[in-house]
Visitor: 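Input: one structure, supplied below.
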Amino acid sequence: MLVYPSGIDLSSRTLQHLAGLLAGHRRRIGSRWRRLNCGRQALLVLAHLRCGDTYARLAAGFRVGIATVYRYIREAVDLMAARAPTLEQAMTAVRKKAYVILDGTVLPIDRIAADQPYYSGKKKHHGMNVQVLADPAGRLIWASDALPGAVHDLTAARTHGIPAALTSEDIKCCADKAYQGAGPAVRVPFRGKDLRGWRRRHNRDHAKIRSLGERAMATLKCWRLLRKLRCSTIRITAVVRAVLTLELAT
C-alpha cells in the first residue's frame, strides 16, 4: 500500500477544537491508552468529513485497522452532534437578527431505484432532505434532522416545526417559492413568469436577499462527505450536526 502526504483545507483552530473535545471525552470515560492520540484522531475524523476519505484509505494512512477507524469516527461524530444547537436555541440566537433565511437541500446518498422514499423528484436522485437556517450574511445557524429525499421542503419545514417557531418568536424569514403557505413569518416571492410592476420588483429584491442563503448551503457542501453519502441513512443526521458544530465553533 502506497501512502502519500495530503492536505485538508481547514484551519488548525478546527483541529484544536475537535482534539480538545476528544480529550475531555476521554477523561470523562476514563479511556485507556489508544493507538492514536486526540490530535491524530481529530485529524483522521476531519479527513473523513472534509475530504470524504474512505475507511480503507484512512486505515492505511494512519496505520490502524478499518474497525478502529470506524470507532474513532463514530465516537467523534456523536460527540460533536450532541453539541449542535436545537431549534429552540437557534431561535434564541437569531432574535436580534433582522431576519433569517430558510432553505432546503437534498444530500445525495448511495441508493438504488427500489428505495423510492429517498428519491427526490426535484433533484432527480436519491437523497436526504435537510433544512437550513442562515443569518442575513449567509452564515449557518441551524440544520435540521435528515428526512427522506421524497419529502417536500414545505412538509419538511412543518415536520421540524420551523414555521411555528418563527411565528411564536416573531422572527422574519425569507424563503423560496417551495415554502408557499408556510405561514405569516415566512416571506416568499410571488409565483408566475410574467409578473409586472411592484410584484416583479418585489421578487427581484427578495431574490437578492435570499441568494445569500446559498452561501450557507455552499459552506455545508464544502464538506465533501456530504456530496455523496454512503453511510446508513440513520447516521446522516449525526453527520450533518457534527459538521454544523465544527462550522459554528470556528
Visitor: Do Ile171 and Leu102 belong together in a cluster built from hydrophobic side chains that touch within less than 4.5 Å?
Guide: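 Yes, Ile171 and Leu102 fall within the same hydrophobic cluster.
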Visitor: Work out which heavy atom in Gly161 is nearest to a heavy atom in Leu87; give both atom names and the distance.
Guide: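 Minimum heavy-atom contact is O-CD2, 3.8 Å.
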Visitor: Carefully, step by step, assess Val132 and Ser144 under the rule side-chain contact (heavy atoms from CB on, under 4.5 Å).
Guide: CA-CA 6 Å; Val132 170; Ser144 72; over 6 Å; no
Visitor: Return the minimal non-hydrogen interatomic distance between Ala249 and His17, and the atom names on each side.
Guide: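 Closest pair (atom of Ala249, atom of His17, distance): CB-NE2, 3.3 Å.
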Visitor: For His206, enumerate each residue passing the side chain to side chain donor-acceptor pair (under 3.5 Å) test, keeping only those at least two apart in sequence or located in another chain.
Guide: none
Visitor: Among all residues two or more places apart in sequence or in another chain, which pass the salt bridge (Lys or Arg N to Asp or Glu O under 4.0 Å) test with Glu169?
Guide: Arg95
Visitor: Please list, chain by chain and in numerical order, all residues satisfying ring pair (Phe, Tyr, Trp, His ring centres under 6.0 Å) with Trp198, sequence neighbours excluded.
Guide: Phe190
Visitor: Regarding Lys123 and Thr105, do their side chains bring together a donor and an acceptor under 3.5 Å, going by distance alone?
Guide: no
Visitor: Using the rule given for salt bridge (charged side-chain N to carboxylate O under 4.0 Å, His left out), can you reason through Arg215 versus Asp135, listing the C-alpha separation, both sets of side-chain angles and the distance that settles it, and then say yes or no?
Guide: CA-CA 10 Å; Arg215 176 185 173 186; Asp135 68 10; over 6 Å; no
Visitor: Parallel, tilted or perpendicular: which one describes the rings of Tyr55 and His48, with boundaries at 30° and 60°?
Guide: tilted
Visitor: Are there more than 12 heavy atoms of other residues, nucleotides or ligands under 6.0 Å from atom NZ of Lys172?
Guide: no
Visitor: So do the side chains of His126 and Pro108 get within less than 4.5 Å of each other, counting heavy atoms only?
Guide: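 No; the side chains remain at least 4.5 Å from each other.
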Visitor: Evaluate the side-chain proximity of Pro85 to Leu248: yes if any heavy-atom separation is below 4.5 Å, no if none is.
Guide: yes
Visitor: Name the atoms and distances for all side-chain donor-acceptor pairs under 3.5 Å in residues 177-186, with sequence neighbours left out.
Guide:
| residue | atom | partner | partner atom | Å |
| --- | --- | --- | --- | --- |
| Tyr179 | OH | Gly104 | N | 3.2 |
| Tyr179 | OH | Gln131 | OE1 | 2.4 |
| Gln180 | NE2 | Pro189 | O | 2.9 |

Visitor: Under a 4.5 Å cut-off applied to non-hydrogen side-chain atoms, are Asn129 and Pro148 in contact?
Guide: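 When only atoms from C-beta onward are counted, Pro148 and Asn129 do not touch, as no gap falls below 4.5 Å.
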Visitor: Which heavy atom of Ala81 sits nearest to which heavy atom of Ala238, and what is that distance?
Guide: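 Minimum heavy-atom separation between Ala81 and Ala238: CB-O, 3.6 Å.
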Visitor: Between atom SG of Cys38 and atom CD of Gln16, what is the distance when rounded to the nearest 0.5 Å?
Guide: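 Taking SG in Cys38 and CD in Gln16, the distance rounds to 13.0 Å.
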Visitor: Look up atom CH2 in Trp223 and atom CG in Leu244, then write down how far apart they are to the nearest 0.5 Å.
Guide: 10.5 Å
Visitor: By the rule that ILVMFWY residues connect when side-chain heavy atoms come within less than 4.5 angstrom, directly or transitively, which residues belong alongside Leu154?
Guide: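 Reading the cluster by chain and number, Leu154 sits alone, since nothing else belongs.
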Visitor: Assess the residue pair Ile109 and His125 against the criterion (side-chain contact (heavy atoms from CB on, under 4.5 Å)); give the C-alpha distance rounded to whole Å, side-chain angles, the decisive distance to 0.1 Å, and a yes or no.
Guide: CA-CA 8 Å; Ile109 60 174; His125 61 69; over 6 Å; no
Visitor: Taking atom OG1 of Thr250 and atom CZ of Arg13, what is their separation to the nearest 0.5 Å?
Guide: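 These two atoms lie 6.5 Å from each other.
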Visitor: Name all residues meeting the side-chain contact (heavy atoms from CB on, under 4.5 Å) criterion together with Asp53; count only those two or more places apart in sequence or in a different chain, and write none if there are none.
Guide: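 Here the qualifying residues are Ala47, Cys51, Arg57, Leu58.
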Visitor: Looking only at heavy atoms, what is the nearest atom pair of Pro136 and Lys97, with distance?
Guide: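 Of all heavy-atom pairs spanning Pro136 and Lys97, the closest is CD-CD, 4.2 Å.
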Visitor: Looking at Asp205 and Arg200, is any side-chain nitrogen of the basic one under 4.0 Å from a carboxylate oxygen of the acidic one?
Guide: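 No, no charged N to carboxylate O under 4.0 Å.
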Visitor: Taking atom CD1 of Ile234 as the centre, report whether more than 12 heavy atoms of other residues, nucleotides or ligands fall under 6.0 Å from it.
Guide: no
Visitor: Are the side chains of Met80 and Leu21 in contact, using a 4.5 Å heavy-atom criterion?
Guide: yes
Visitor: From Thr219 OG1 over to Glu214 CD, what is the distance, rounded to the nearest 0.5 angstrom?
Guide: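 The CD atom of Glu214 is 11.0 Å from OG1 of Thr219, to the nearest 0.5 Å.
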Visitor: Is there a path from Leu22 to Leu36 through hydrophobic residues (I, L, V, M, F, W, Y) whose side chains come within less than 4.5 Å of each other?
Guide: yes
Visitor: Passes salt bridge (charged side-chain N to carboxylate O under 4.0 Å, His left out), Asp176 versus Arg187? Steps please.
Guide: CA-CA 8 Å; Asp176 60 28; Arg187 299 182 178 182; over 6 Å; no
Visitor: Under the 4.5 Å side-chain heavy-atom rule for ILVMFWY, direct or indirect, which residues accompany Leu147?
Guide: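 ILVMFWY cluster around Leu147 also holds Val151.
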Visitor: The test is side-chain contact (heavy atoms from CB on, under 4.5 Å); show your working for Val106 and Lys122 and say whether it passes.
Guide: CA-CA 9 Å; Val106 178; Lys122 178 181 178 181; over 6 Å; no
Visitor: Determine, using the 4.5 Å side-chain heavy-atom cutoff (strictly less than), whether Leu43 and Tyr72 are members of one ILVMFWY cluster.
Guide: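 Cluster IDs for Leu43 and Tyr72 match.
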Visitor: Take Asp110 and Leu229 through the test side-chain contact (heavy atoms from CB on, under 4.5 Å) and record every step on the way to the result.
Guide: CA-CA 6 Å; Asp110 186 16; Leu229 288 152; over 6 Å; no
Visitor: Is there a side-chain contact between Leu10 and Leu246, using heavy atoms and a 4.5 Å cut-off?
Guide: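 No; the side chains remain at least 4.5 Å from each other.
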Visitor: Could you state the interatomic distance from OG1 (Thr68) to CZ (Arg63), rounded to the nearest 0.5 Å?
Guide: 15.0 Å
Visitor: Quick one: list whatever passes side chain to side chain donor-acceptor pair (under 3.5 Å) with Arg227, sequence neighbours left out.
Guide: none
Visitor: Could you work out, with salt bridge (Lys or Arg N to Asp or Glu O under 4.0 Å) as the rule, every residue matching Asp170, not counting sequence neighbours?
Guide: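 For Asp170, no residue satisfies salt bridge (Lys or Arg N to Asp or Glu O under 4.0 Å) once neighbours in sequence are set aside.
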Visitor: Say whether, by atom type as modelled, one donor and one acceptor occur between the side chain of Lys124 and the main chain of Gly121 under 3.5 angstrom.
Guide: yes
Visitor: When Ile, Leu, Val, Met, Phe, Trp and Tyr are grouped by side-chain heavy atoms lying under 4.5 Å apart, directly or through other members, which residues fall in the same group as Leu212?
Guide: Tyr99, Ile101, Ile209
Visitor: In Å and rounded to the nearest 0.5 Å, what is the CZ to CE distance from Arg235 to Met128?
Guide: 12.5 Å
Visitor: Any salt bridge (Lys or Arg N to Asp or Glu O under 4.0 Å) involving residues 20-38? Give me the pairs, sequence neighbours left out, ordered by first then second residue.
Guide: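 Checked against salt bridge (Lys or Arg N to Asp or Glu O under 4.0 Å) - neighbours excluded - the pairs reaching residues 20-38 are Arg34-Glu75.
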Visitor: Is any side-chain heavy atom of Gln41 closer than 4.5 Å to a side-chain heavy atom of Leu18?
Guide: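 Not in contact.
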Visitor: Treat each ILVMFWY residue as a node, draw an edge where side-chain heavy atoms are under 4.5 Å apart, and state whether Leu140 and Leu49 are in one component.
Guide: yes
Visitor: For the residue pair Leu226 and Val239, establish whether any side-chain heavy-atom pair is separated by less than 4.5 Å.
Guide: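 Yes - at least one pair of side-chain heavy atoms lies under 4.5 Å apart.
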Visitor: Kindly give the heavy-atom pair with the smallest separation between Val240 and Ala143, and that separation in Å.
Guide: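 Closest approach of Val240 to Ala143, heavy atoms only: CG1-CB, 3.8 Å.
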Visitor: Decide yes or no for Arg50 and Asp9: does some side-chain heavy atom of the first lie under 4.5 Å from some side-chain heavy atom of the second?
Guide: yes
Visitor: Using every non-hydrogen atom in the two residues, find where Ala76 and Val45 come nearest and quote the distance to one decimal.
Guide: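 The answer is CB-CG2, 3.5 Å.
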Visitor: Identify, with sequence neighbours excluded, every residue that meets side-chain contact (heavy atoms from CB on, under 4.5 Å) alongside Ser168.
Guide: none
Visitor: Assigning hydrophobic clusters by single linkage (Ile, Leu, Val, Met, Phe, Trp, Tyr; side-chain heavy-atom cutoff under 4.5 Å), is Val243 placed with Met217?
Guide: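 Val243 and Met217: one cluster.
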